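Counting begins at 1 with the first residue of the sequence. The model shown is predicted, which means the values in this text are computed figures rather than measured ones.
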Amino acid sequence: MQLIQNAKYSIMRTNILFTILTFALSIFYSCKKDVPNPVPSPMPSTYYYPPLTGSAWETINPTVLGWDTNKLNGLINYVGANNSTALIILYKGRIVTEKYWLGATSNTSARIFSASKSVAGFLTGLAREQGKLDITKNVSFYLGTGWSN
């Protein structure tokens, strides 16, 4: 039983670390100052949404974004060395980097705990923005009574 609890704790800790690192990376790269921006090709000005079928997903090279690839590689190495199973960094919906460790693949499912709350919060905001959700109504209005059972 203790072994299972330790494994669950380790997975949870890894996923929290992944979430924090992804957030920190996005803050770090959005706040850099006095660094020339070597843009070899135009940066996308619009968001990309992958198709609902197939596995094709647009990518973007970090150098196009003016990112320091040495720092990015340092982050990737750090995440991989700390028992993470996956790391994906997106810019406006395009994949900047996608890495897997410990036997994980793009088809591996994992319990991501707190990251699920971020996705749920994003989707709630999107539904509210599109007029599909009234946040003054109870959740049971949308999901029915007994939804939390």
Verify same cluster id: Tyr47, Tyr91 (apolar side-chain graph, 4.5 Å): no

Tabulate below the donor-acceptor pairs under 3.5 Å that side-chain atoms of residues 126-134 make, not counting sequence neighbours, or state none.
{"unit_1": "Gln130", "atom_1": "OE1", "unit_2": "Lys132", "atom_2": "NZ", "d": "3.3"}
{"unit_1": "Asp134", "atom_1": "OD1", "unit_2": "Thr136", "atom_2": "N", "d": "3.0"}
{"unit_1": "Asp134", "atom_1": "OD1", "unit_2": "Thr136", "atom_2": "OG1", "d": "2.6"}
{"unit_1": "Asp134", "atom_1": "OD2", "unit_2": "Thr136", "atom_2": "OG1", "d": "3.1"}

I want to check something: taking the side chain as every heavy atom from C-beta on, are Thr108 and Thr85 in contact at a cut-off of under 4.5 Å? no

Holding to side chain to side chain contact (heavy atoms under 4.5 Å, CB included), I want the full list of residues that pass it with Thr46, two or more places apart in sequence or in another chain. Arg94

From CG (Leu87) to CG (Asn77), nearest 0.5 Å: 10.5 Å

Interatomic distance, Thr97 atom OG1 to Trp67 atom CH2 [nearest 0.5 angstrom]: 9.0 Å

Within this structure, what is the NZ-CG distance for the pair Lys92 and Leu65, rounded to the nearest 0.5 Å? 9.5 Å

Side-chain contact test, heavy atoms from C-beta onward, threshold under 4.5 Å: evaluate it for Leu90 versus Ile95 and give yes or no. yes

What's the spacing between Ile60 CD1 and Ile89 CD1 if we round to 0.5 Å? 13.0 Å

Taking all non-hydrogen atoms of both residues, which atom of Tyr48 and which atom of Pro51 are closest, and how far apart? OH-CD, 3.4 Å

If we only count heavy atoms from C-beta on, is the Val79 to Trp101 side-chain gap below 4.5 Å? yes

Find out if a path of hydrophobic residues (ILVMFWY) with successive side-chain heavy-atom gaps under 4.5 Å connects Leu75 to Leu102. yes

Quick one: CG on Asn61 to OG1 on Thr69, what's the gap to the nearest 0.5 Å? 8.5 Å

Separation of Tyr49 OH from Trp57 CH2 (nearest 0.5 Å): 11.5 Å

Side chain to side chain contact (heavy atoms under 4.5 Å, CB included) partners for Lys117, two or more places apart: Ser114

Single-linkage hydrophobic cluster, 4.5 Å side-chain cutoff, Tyr100 and Ile76 together: no

